[in-house]
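Each ligand, and each atom within it, is numbered from 1 in the order the structure gives.
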Amino acid sequence: MKYEGIIFDLDGVICHTDEYHYQAWKTLADKLGIYFDREINNRLRGVSRMASLEIILECYEGAPLTDEQKEQYATEKNDVYKKLLGNMSEKDLSKEVADTLNALRAKGLKLAIGSSSKNAPYILERIGLGNFFDAVSDGNNITHSKPDPEVFVKAAEFLGLPAEKCMVVEDAEAGIDAAIAGHMDSAAIGDAVGCGKATCNLTTFADLLKEVEE
Ligand code: B16
Ligand code: MG
């Protein structure tokens, strides 16, 4: 086997919460009179909550905001987002993803999450994967967000594996850059395919089964 561990990004790879992020940021943007659309939302993939707010504020024309106000707006967005996450259930985990994860584990690979989200444990619980992964590294245990490699370096540490034995699966260019910075191979899926920087590109999640073989 080429790898001993696979580190999965959560949002956009294991499940899809981007529509909920969009709705929650849109609620805040409308309140502040800021222009916000799905194209801007696309730039928030893999980006931390506070860095996402800064991107949204690029279109803000009011008086400069204090750090306290920014914290408050980020919290408001997260409150709306968390309520929307309450709609998620095991139905939000596709059969293809569930079957592929089980097949990878059956090959003896260790499986981890490497997500920027502070809501990762709650999302995993909602989709029925609360106790599935061998390690979870997320927005709660890092000080630097993707493209910094910290979240993946920590995931490899939690698995007890060296970076060169791990592959990262990502849907965001920031995540592919983080894998490269952490000296890990990467598989791009969805939006990240376009950046052309990953070790390999996946057309479907199940393609991963071919990529982990020697
Ligand atoms: P939270 P990932 C990322 O998750 C999302 O793609 C990104 O849109 C979000 O801003 C970030 O998590 C932080 O999320 O506000 O829940 O802490 O793709 O790294 O799994
Ligand atoms: Mg993602």
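At a 3.5 angstrom cut-off on N or O pairs, Asn119 counts as close to ligand 1. Considering both main-chain and side-chain atoms, Leu44 comes within under 3.5 Å of ligand 1 through a nitrogen or oxygen pair. Residue Ser117 places at least one N or O, backbone or side chain, under 3.5 Å from an N or O of ligand 1.
Close approach of ligand 1 to Tyr81 is summarised as follows: ligand atoms under 4.0 Å from at least one heavy atom of the residue are 16 (O). Against a heavy-atom cut-off of under 4.0 Å, Asp9 is close to the following atoms of ligand 1: 2 (P), 18 (O), 19 (O), 20 (O). Every atom of ligand 1 is numbered from 1 in the order shown, and the set under 4.0 Å from a heavy atom of Lys118 is 1 (P), 16 (O), 17 (O). Heavy-atom contacts of Asp11 reach the following atoms of ligand 1: 2 (P), 4 (O), 5 (C), 6 (O), 18 (O), 20 (O) (cutoff under 4.0 Å). Contact atoms of ligand 1 toward Leu10: 20 (O) (distance under 4.0 Å to a heavy atom of the residue). Annotation for ligand 1: atoms under 4.0 Å from non-hydrogen atoms of Lys146 are 19 (O). Numbered from 1 in the order shown, with element, the atoms of ligand 1 that lie under 4.0 Å from a heavy atom of Ser52 read 10 (O). Atoms of ligand 1 found under 4.0 Å from any heavy atom of Ser115 (numbered from 1 in listed order, with element): 2 (P), 4 (O), 19 (O), 20 (O).
With no hydrogens or angles considered, no side-chain donor-acceptor pair links Gln72 and Glu68 at under 3.5 Å. In this structure, a donor-acceptor pair under 3.5 Å is absent between the side chains of Tyr20 and Asp18. Under the 3.5 Å distance criterion, with hydrogens and angles disregarded, no donor-acceptor pair is assigned to the side chains of Asp138 and Asn119. Side-chain contact annotation: Asn78 with Thr75, donor-acceptor N/O pair under 3.5 Å absent.
Shortest non-hydrogen contact noted between Asn41 and Trp25 is OD1-CD1, 4.3 Å.
Within 6.0 Å of the NZ atom in Lys83, the count of heavy atoms belonging to other residues, nucleotides or ligands does not exceed 12. In Glu61, the CD atom is not crowded: 12 or fewer heavy atoms of neighbouring residues, nucleotides or ligands sit closer than 6.0 Å. The environment of CG in Asn87 is crowded: more than 12 heavy-atom neighbours from other residues, nucleotides or ligands sit within 6.0 Å.
Proximity annotation for atom 19 (O) of ligand 1: of Ser116, Ala120, Gly175, Ser116 comes nearest, heavy atoms only.
Contacts with ligand 1 closer than 4.0 Å are made by backbone heavy atoms (N, CA, C, O) of Val47 only, the side chain lying farther away. For His21, every heavy-atom contact with ligand 1 shorter than 4.0 Å involves the side chain, none the backbone.
For the side-chain hydrogen bond (donor to acceptor under 3.5 Å, both in side chains) condition, the pairs that include at least one residue of residues 3-17, sequence neighbours left out, are Tyr3-Asp185, Asp9-Lys146, Asp11-Thr17, Thr17-Tyr81. Sorted by first then second residue, the salt bridge (Lys or Arg N to Asp or Glu O under 4.0 Å) pairs that include residues 110-131, not counting sequence neighbours, number zero.
The protein heavy atom nearest to atom 6 (O) of ligand 1 is Gly46 N, 2.8 Å. Atom 15 (O) of ligand 1 has its closest protein heavy atom at Arg49 NE, 2.8 Å.
Cation-pi geometry between Arg105 and Phe133 is not satisfied (NZ or CZ under 6.0 Å from the ring centre, within 45° of the ring normal).
Heavy-atom separations between Gly139 and ligand 1 are all 4.0 Å or longer.
Using a 4.5 Å cut-off between side-chain heavy atoms of Ile, Leu, Val, Met, Phe, Trp and Tyr, with links allowed through other members, Leu104 and Val168 fall into different hydrophobic clusters.
Residues that satisfy the side chain to side chain donor-acceptor pair (under 3.5 Å) test with Ser137, not counting sequence neighbours, are Asn141.
Take a cut-off of 2.8 Å around the Mg ion (ligand 2): the protein N, O or S atoms inside it are Asp9 OD2, Asp11 O, Asp171 OD1.
Using a 4.0 Å cut-off between a side-chain N of Lys or Arg and a carboxylate O of Asp or Glu, Glu58 and Arg43 qualify as a salt bridge.
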